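Read through the structure below, which is laid out as structure tokens, and then see the notes.
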Amino acid sequence: MRITMIGTGYVGLVSGACLADFGHDVTCVDKDARKIELIHGGTMPIWEPGLEGLVKSNETRGRLKFTIDLAEGVADAEAVFIAVGTPARRGDGHADLSFVFAAVKELAKALKGPAVIVTKSTVPVGTGDEIARILAEEGAPEGTSVASNPEFLREGAAIADFKHPDRIVVGAEDERARQVLAEIYRPLFLNKAPLLFVERRTAELTKYAANAFLAMKISFINEIADLCEAVGADVQDVARGIGLDNRIGPKFLHAGPGYGGSCFPKDTLALLKTAEKAGVPQRIVSTVVEVNDARKAAMADRVRDAVGGSLTGKRIGLLGLTFKPNTDDMRDSPSIPLAQALMAGGAVVAAFDPVGREQAEPLLPGVEFAGNAYEAATGADALVIVTEWDEFRALDLGRLAMVMNGTALVDLRNIYDRVTVERAGLSYRGVGRGAG
Ligand code: UGA
């Protein structure tokens, strides 16, 4: 199958490389010449485990090509995936579809024959209809159709998620589009991944509903964590106690500093906009967003309490800055409001992140960047675990106690237990774990 992927961001590059790995003939298109040059040279524009090797091996075998020329890239394609960014529009939270529509206009003129145009970017309900309208208006070849195939990849585990999905959702209105998508995903289908064929609008909404539901699980457990602290219960055990119920499930019940990243914050807001437009308020999702915003803003107070009630003149070490481990992505990371509030309260902040420094530095002026966890802890009154990178799971606590000025370990990801930390001479404050 000849496939073109427009956009070599997270979704486009991972999907393109994985589809090429299935044996398809994939051309990735991006307007950014420097990005394409870098990928050619073996430097990935994003930090994703396994991606570099996958791109290299498929490029070498001639199944994966890169170009900045959209017209050339789509001309003979049987399927064109649109995986360009859909950032939240400044000011109003609507998904900004200008990149999507610009790509559609350009490809409509460049297609030599009918192709299936597939949205992989997360797009609001009805976007497929608008794309179909633009294609017709711009004179795309007769028989060109539009499908929706939302992605469910997690950063840091994107390749595994692509190759072993829980399900593949395809929204299509005609038989040919269904056949083309079935052929593209045949390797996964053989692996028994459920392939769900639904209406296009249903597929578009499914993506938002999935992310909103996961965000809801996180906000739910975060509020339960606060309650645990007030009544002297342990949220880790509560999560396990409810998660073992098959109807609830154990995943996404990890209490922490609030969700971040490029998806949950943006997609929940976009869903609320769609709901507002449709006149069907989504009160639960609206509360999820509020709870998460308030939670991120409240994290600095925990640190302030741990250093005796005032941040003035205190030195705080932060471990981890990215919104989650195994990515260099800083978008909407809880570390940003935390570091800002700590500095606004009069503290000096030193931070270490295993891969996120380059992305983090421009976003966090005033923060000192350390070369490792112990350097970030040196002289600190409190050390805060913000992101649960594996390398923070087995720190030498005795060494931390020696280099720190104070004793407070604030574990916003609950990766340590109180007894071990206290035995090393530090004080412990986790999330939702009893009174402390
Ligand atoms: C999320 C979804 O998990 C993917 O299925 C989806 O495809 C993707 O968005 C998207 O729409 O593109 P991602 O944003 O990469 O993936 O990251 P997650 O692993 O879902 O984590 C999101 C945030 O929730 C992180 O800040 C993480 O720390 C937080 N989280 C997650 C918790 O606080 N607790 C949990 O139990 C799980």
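Predicted model only: the values in this text are computed from it and were never measured. Whatever order the structure lists them in is the order used to number ligands and atoms, beginning at 1.
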- Which residue and heavy atom of the protein sit nearest atom 21 (O) of ligand 1, plus the separation: Lys324 CD, 4.0 Å
- Do the charged groups of Lys120 and Glu151 touch, with an N to O distance under 4.0 Å? no
- Message: Heavy atom to atom 35 (C) of ligand 1, shortest distance: which of Arg331, Lys217, Glu155, His254 holds it?
- Response: His254
- Is it possible for you to check whether Arg399 lies under 6.0 Å from the centre of the six-membered ring of Tyr374, through NZ or CZ, and within 45° of that ring's axis? yes
- Query: Polar-atom distance check: Lys207 versus ligand 1, any N or O pair below 3.5 Å?
  - Reply: yes
- Just go through Ile218, Val11, Asp166 and tell me whose heavy atom is the nearest to atom 29 (C) of ligand 1. Ile218
N/O donor to acceptor pairs below 3.5 angstrom from side-chain atoms of residues 270-281, sequence neighbours left out:
from	atom 1	to	atom 2	distance (Å)
Lys273	NZ	Asp92	O	3.2
Thr274	OG1	Ala270	O	3.1

- Between Arg413 and ligand 1, find which residue part has any heavy-atom pair under 4.0 Å and reply side chain, backbone, both or neither. side chain
- Which residue holds the protein heavy atom closest to atom 9 (O) of ligand 1, what is that atom called, and what is the gap in Å? Cys263 CB, 3.2 Å
- Would you mind checking which non-hydrogen protein atom is closest to atom 25 (C) of ligand 1, with the distance to 0.1 Å? Phe323 CD1, 3.5 Å
- Item | Closest approach of any protein heavy atom to atom 5 (O) of ligand 1, naming residue and atom | Phe152 O, 3.1 Å
- Would you find more than 12 non-hydrogen atoms of other residues, nucleotides or ligands less than 6.0 Å from Glu37 atom CD? no
- Query: Going by the atom numbers of ligand 1, which of them fall below 4.0 Å from some non-hydrogen atom of Asn211?
  - Reply: 2 (C), 6 (C), 9 (O), 10 (C), 11 (O)
- Identity and separation of the nearest protein heavy atom to atom 4 (C) of ligand 1: Leu153 O, 3.3 Å
- Message: Could you tell me, atom by atom, which parts of ligand 1 come under 4.0 Å of a heavy atom of Asp267?
- Response: 11 (O)
